[in-house]
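Below is one structure, written out as structure tokens; the observations come after it.
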Amino acid sequence: MKLLFVVTFLGISRAQYNPNVLPGRTSIVHLFEWRWGDIAAECERYLAPNGFGGVQVSPPTENVIITSPWRPWYERYQPISYKLCSRSGNEEEFRDMINRCNNVGVYIYVDVVINHMCGSGIPAGTNSTCGSFFSPGTREFPAVPYSAWDFNDGKCQTGSGGIENYGDAHQVRDCRLVSLLDLAQEKEYVRGKIADYLNYLIDIGVAGFRVDASKHMWPGDLQAIYSRLKNLNTSWFAEDAKAFIFQEVIDLGGEAIPASDYFGLGRVTEFKYGAKLGNVVRKWFGEKMVYLKSWGEGWSFMPSKYALVFVDNHDTQRGHGPGGASILTFWDARLYKVAVGFMLAHPYGFTRVMSSFHWPRYFENGKDINDWVGPPSNANGSTKPVTVNSDTTCGNDWICEHRWRQIRNMVTFRNVVDGEPFTNWWDNGSNQIAFSRGNKGFIIFNNDDWCMDVTLFTGLPAGTYCDVISGQKEDSQCSGIQIQVGSDGRANFKIVNTADDPFIAIHIQDKL
Ligand code: QV4
Ligand code: CA
């Protein structure tokens, strides 16, 4: 009896950490603000053939339409109801996307905004993306429905009703985050409405959730909500498969609310990862690549099995959320590829790749005054399609980092070396480093300001390998640098510090 209980309990809790990706797929990509139809097409034409495991999609729910500033991306973090209609598309398009992506083995992870509804100061009668009426002043959201009973107004103890001090865990959870009307998740009714929304997503085939603003909800309340979730849809997933859960908790250390409060419930976003890696790759604050030898728990990050990792996300790439100027993004393309390349080669955490849109970044007094600008859109506010150029890059101001050769090929590298140990570390004491993943892959970086010419043990079988950073194997030819691994497993690597990309990666699938 006791044993049965333990087994069942582990079965339930463990599954939330499992990303549910197909075997041999190890990363997801956040297609930030993409339309559902474009995501469906991308699953079929690009993500499945290139071994991506899944897609994090922007919040699909009805949201307030903000016109001042004009249609900011962040309006999608102000829900009005749980109806599925947004600038990315309607419910039919959303369901079609899930079917088409699932059918090619690329799964969908939904960004769920369940901590709050819209801002408290928004006037009643403001438009929303499905046309539902709502009245923030009286706390009415009839399309859910929620009413004044369902919010934390009585519980929050601050004068303003908003979070004033992040050092006080009660404020952080019971008061309003930037004026957003804070839901009372301890109420049975509210738990029920949220669980119904998540279960509906499960029924139509999603594989998991990014739980927005998790830090602002009590772990016990989240536990109560998660415990109501159904198993995943058996059209695509195993009978006992549970939704993958990764919770957005920002913890750079020294916070009243540690990320560890949420480890019992699912994975957690590790924000230290991108902030620290940015410093290392930029060589700021005395950081050097050599220190990456102990990357991961050795840098006091959370245990790998709980971590969801990324170089940048939709907040940190534009100065929302933590990390500041150290965060690397597509704006610093060369160093960004170094950071993403390192992330995808290193075994720590479950990896998420960012895919962005261009915006007119403009700094005034160190702040980007255009940090609010929404996705590429037409004059009427509708989001522009993602077009694909003949060279496979994207048009219409979509950046498509996931299609950059270096990033796409490192997603494959991670798939190839999955489960292999981190070994054969080498460094020059400065910013030249190398390591193997078992005997399946090897990567070497030169982030110093001088040339590198070294012969190292790679752990790989003898042969000629095609570097997947400068090119890749195409038929039996190599479009990039060729690396000869001798019968002793050693190979010579030359990387000039001015190279387009100051790193080389080889793996057993790109052996000539
Ligand atoms: C402003 C003032 C308030 C004031 C209010 C009154 O800041 O003090 O009370 O006006 O009018 C937008 C605006 C923000 C505005 C707010 C309410 O930017 O200035 O408040 O709307 O009108 C995104 C954006 C926010 C945006 C929000 C809602 O980043 O700027 O707020 O969407 O549209 C913390 C949290 C963490 C959070 C991170 C950004 O712990 O959870 O901040 N990250 C997630 C998402 C993020 C999202 C939210 C949470 C909220 O990743 O994208 O915020 O859902 O670290
Ligand atoms: Ca809250």
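Remember, it's 1-based here, ligands and their atoms both numbered in the order they're listed. Keep in mind that this is a model prediction, so the values were computed, not measured.
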Can you find an N or O of D315 that's nearer than 3.5 Å to an N or O of ligand 1? yes
Option set G161, S160, P136, S179, criterion heavy-atom distance to atom 4 (C) of ligand 1, minimum: S179
Contact with ligand 1 for H314, non-hydrogen, under 4.0 angstrom: yes
With a heavy-atom distance limit of 4.0 Å, tell me whether R210 approaches ligand 1 through its side chain, its backbone, both, or neither. side chain
Under 4.0 Å between heavy atoms, the region of H116 that gets near ligand 1 turns out to be side chain
Taking D251 for the side chain and A259 for the main chain, is one N or O donor matched with an acceptor at less than 3.5 Å? yes
Is E255 near ligand 1, meaning one of its heavy atoms is under 4.0 Å from it? no
Within 4.0 Å of atom 42 (O) of ligand 1 (strictly less), any protein heavy atom? no
Determine whether the side chain, the backbone, both or neither of W73 has a heavy atom under 4.0 Å from any heavy atom of ligand 1. side chain
For atom 21 (O) of ligand 1, which candidate among E248, Q247, Q78 provides the closest heavy atom? Q78
Just checking, is any N or O donor in the side chain of Q171 or N165 under 3.5 Å from an acceptor N or O on the other one? no
Check for a donor-acceptor pair, side chain of T67 on one end and backbone N or O of W70 on the other, with a separation under 3.5 Å. no
Just checking: H216, one of its N/O/S atoms, less than 3.0 Å away from the Ca ion (ligand 2), yes or no? yes
Minimum distance, heavy atoms only, to atom 3 (C) of ligand 1: which one of V178, L177, T316, I250 is it? V178
Atom 33 (O) of ligand 1 has as its nearest protein heavy atom Y74 O, 2.6 Å
Non-hydrogen atoms of R76 versus ligand 1: any pair closer than 4.0 Å? no
Proximal candidate to atom 47 (C) of ligand 1 [heavy atom criterion; set Y166, Y77, F271]: Y77
Atom 29 (O) of ligand 1 - nearest protein heavy atom and its distance: H320 ND1, 2.7 Å
Taking atom types as modelled and ignoring hydrogens, do the side chains of D38 and W398 form a donor-acceptor contact shorter than 3.5 angstrom? no
Give the ring-plane orientation class for F141 versus F134, where under 30° counts as parallel, over 60° as perpendicular and anything between as tilted. parallel
Do any side-chain atoms of residues 277-285 form donor-acceptor pairs under 3.5 angstrom with protein atoms, and if so which ones, sequence neighbours left out?
from	atom 1	to	atom 2	distance (Å)
R282	NE	A325	O	3.4
R282	NE	S326	O	3.0
R282	NH2	A325	O	3.3
R282	NH2	I327	O	3.0
R282	NH2	D332	OD2	3.2
K283	NZ	N447	O	2.6
K283	NZ	D449	OD1	3.3

Plane angle bin for W295 and Y273 - parallel if under 30°, tilted between 30 and 60°, otherwise perpendicular: perpendicular
Distance check, rounded to the nearest 0.5 Å: R414 atom CZ versus R25 atom CZ? 15.5 Å
Counting only non-hydrogen atoms of the protein, does one fall under 4.0 Å from atom 6 (C) of ligand 1? yes
Evaluate the 4.0 Å heavy atom contact test for atom 19 (O) of ligand 1: does a protein atom fall under the cut-off? no
Is the Ca ion (ligand 2) less than 3.0 Å from at least one N/O/S atom of N115? yes
